Protein chains: 2
Amino acid sequence: MTSPVDLLIAKLEQRDRLSADEKETLAGSIARLRRVATDDDIVREADRPRESSLLVEGFAARYKILPSGRRQITAIHVPGDFVDLHSFLLKTMDHGVMALTACELALVPHATLLRITEEKPHLARLLWLGTLIDAAIHREWLTMMGRSSATAHMAHLICELFCRLQLVGLTDGWSFRCPLTQEELGDTLGLSTVHVNRVLKELRERKLVSWQNGIVTIANWQGLQDLGEFSELYLNLIREPR
Amino acid sequence: MTSPVDLLIAKLEQRDRLSADEKETLAGSIARLRRVATDDDIVREADRPRESSLLVEGFAARYKILPSGRRQITAIHVPGDFVDLHSFLLKTMDHGVMALTACELALVPHATLLRITEEKPHLARLLWLGTLIDAAIHREWLTMMGRSSATAHMAHLICELFCRLQLVGLTDGWSFRCPLTQEELGDTLGLSTVHVNRVLKELRERKLVSWQNGIVTIANWQGLQDLGEFSELYLNLIREPR
DNA sequence: CGGCTCGTTGACAATAATCAAGCGAGGTGG
DNA sequence: CCACCTCGCTTGATTATTGTCAACGAGCCG
């Protein structure tokens, strides 16, 4: 009963019903598995992948490097996420994707995705939906980046990761594993490493959340949500026909 | 020969070939036209539109308002853009779209989009591609927001708008009309109005660009690109089978 | 004319970056 | 086995960037 596509199916079923045939199609679309070590690239900028990677285990991040050398992480991916489904149509990667931890990936050939768009329109719409939710998360991050304080932004990120991990069963009460270093957190939030450290200290002192040895524990969900002005609406967790 | 979908077709043809049948399908998908006055909402947060709006004339912006009241503009749309194609699958809007100028919109019923995904898979992929390019722009904005100075960010935005407007024939040499107020620019870049003004003054003094009465004129394209660390790669302007 | 909105500027304050140093855990090689 | 190294975390001092507050001018419209 445990297949590489189980978490993807779980995620899609939060948003719409899947037929048995669609589940089989997904399961059958995996051409092979791939393991990637921590800090290695899963895909590089300018690559033209011929298959897309579904994250089965581990954490990954999309990132851009500016000519000046500065790095920005534009998305954090958890198991069940397609990290580069967009390369199916964009063809050329305009950013890299790296493994934040050791990762296991299930590879779906673009030829198979093409066939899904030709023969299984409803399943294709659900894959499209996945990329639309990625974009909704981008917009939410833009909003926090542009219009909130560093502390609120961090609180918001923690709320989001908690919700997304809960969806795929990777939380344990109010705790979850989050392997980002403070440098990576800084690249995600657009902050310096030093300031990330100060922000986490503040959240700890305000008894909202603790972050130790890669384990995040939320001490006050309501307070954290309020501080981060977080509302899960943008994650589109409603099951309805699409 | 002038139809509401002409600019959309022009944009799609930059990325792939369209058959005559596909062009007809697009033209036939317009149910009606709609005019919206400056500063009015085209769609509101929490709306559940039954049709998507293709911008035929004018400028529009997607925006989010935080509980604290602060606004962030997450996308600027120009003629030929679908401003809320994502509502076809996301169903509930997680943000608003407003008219930055008087706008003319062409409305495509979601039922028609559904039919396109069922019957015209290649055309459906091109519509999907459009939303993927929106997301690529979001990622680029995130990167500039998090990792560049206010001045570089402004330079980058001007470069991007120039490229996107050139694509639909709305530039005039090195000039283009850009109706954003400094307040709206601030909400786009995550800056205060005062700082937007200072940044524009700097760009003017460095003889890179002038912005007067809603007309932007680029005086030094190379210098502006270098300052903004701009590369059009993320706009995906390559014509190939999708 | 008067009351808008938008753009402009100066003075000052808040936020976050940079620079510098030290600490502790874990790994490695002598 | 221990010295040493590296990496990630932590903190203080100082600097840079951007925000806030306040005021004023230009253009437009009723």
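Everything numeric in this text was worked out from a predicted model, so none of it was measured. We use all heavy atoms of the structure for the numbers below, so side chains are in, but hydrogens, waters and symmetry mates are not. Quick note on labels: first sequence line is chain A, next is B, and so on, each numbered from 1.
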Whole-Å gap separating C1' (C:dC6) and CG (B:Asn197): 10 Å
Lys/Arg N to Asp/Glu carboxylate O, B:Asp41 vs B:Arg44, below 4.0 Å: yes
Pairs involving residues 33-63 of chain A, ordered by first then second residue, that meet ring pair (Phe, Tyr, Trp, His ring centres under 6.0 Å) (sequence neighbours left out): none
Touch class at under 4.0 angstrom, heavy-atom based, for A:Leu200 against every strand present: nothing
Listed partners of B:His86 passing ring-ring contact (aromatic ring centres under 6.0 Å, His included), at least two apart: B:His95
Sugar-phosphate, base or nothing in reach of B:Gly214, heavy atoms under 4.0 Å: nothing
Close residues, residues 175-182 of chain B, relative to DNA chain C [heavy-atom separation under 4.0 Å]: B:Thr181, B:Gln182
Touch class at under 4.0 angstrom, heavy-atom based, for B:Gly186 against every strand present: nothing
Interatomic spacing from OG1 in A:Thr101 to CE in A:Met98 - rounded to 0.5 Å: 9.5 Å
Results of side-chain hydrogen bond (donor to acceptor under 3.5 Å, both in side chains) for B:Arg70 - residues two or more places apart only: B:Ser68
Any residue meeting side-chain hydrogen bond (donor to acceptor under 3.5 Å, both in side chains) with B:Ser175, in chain and number order, not counting sequence neighbours: B:Thr217
Pairing of A:Asp134 and A:Arg62 as salt bridge, 4.0 angstrom limit: yes
Contacts of type ring-ring contact (aromatic ring centres under 6.0 Å, His included), residue B:Phe162, not counting sequence neighbours: B:Trp174, B:Trp221
DNA chain D: 5'-proximal contact among A:Arg204 and A:Arg147 (nearest heavy atom): A:Arg204
Strand-adjacent residues in residues 71-78 of chain A, judged by heavy atoms under 4.0 Å from DNA chain C: none
Flag for B:His156-B:Glu140: side-chain donor and acceptor within less than 3.5 Å: yes
Pair A:Asp172 + A:Arg177, salt bridge at N-O below 4.0 Å: no
Rounded interatomic separation in angstrom, taking CG from B:Leu185 and C1' from C:dT8: 15 Å
Electrostatic pair B:Asp81:B:Lys11 at N-O distance under 4.0 angstrom: yes
OP1 or OP2 of C:dT9 under 4.0 Å from side-chain N/O of B:Lys201: yes
When the side chains of residues 197-204 of chain A are checked against the rest of the protein, which donor-acceptor pairs come out under 3.5 Å, sequence neighbours left out?
unit_1	atom_1	unit_2	atom_2	d
A:Asn197	ND2	A:Gln182	OE1	2.9
A:Glu202	OE1	A:Thr151	OG1	3.0
A:Glu202	OE2	A:Arg206	NH1	2.8

Estimated bend of the helix from C:dC1-D:dG30 to C:dG30-D:dC1 (axis per five terminal pairs, rounded to 10 degrees): 30°
Approximate separation, where rounding is to 0.5 Å, of B:Asn236 CG and B:Ile133 CD1: 5.0 Å
Between protein and nucleic acid, restricted to nucleotides 18-28 of chain C and to nitrogen or oxygen atoms under 3.5 Å apart, what atom pairs and distances do you find?
unit_1	atom_1	unit_2	atom_2	d
C:dT18	O4	A:Arg198	NH2	2.9

Note: B:Glu51-B:Arg32 ion pair, threshold 4.0 Å (strictly below): yes
Summary of ring pair (Phe, Tyr, Trp, His ring centres under 6.0 Å) pairs that have at least one residue in residues 133-154 of chain A, sequence neighbours excluded: none
Within 6.0 angstrom of A:Arg34 CZ, more than 12 heavy atoms from elsewhere: yes
Spacing of A:Glu183 atom CD relative to C:dA17 atom P, expressed in whole Å: 13 Å
Contact interval (first through last nucleotide) of DNA chain D with protein chain A, 4.0 Å heavy-atom: D:dC9 to D:dA13
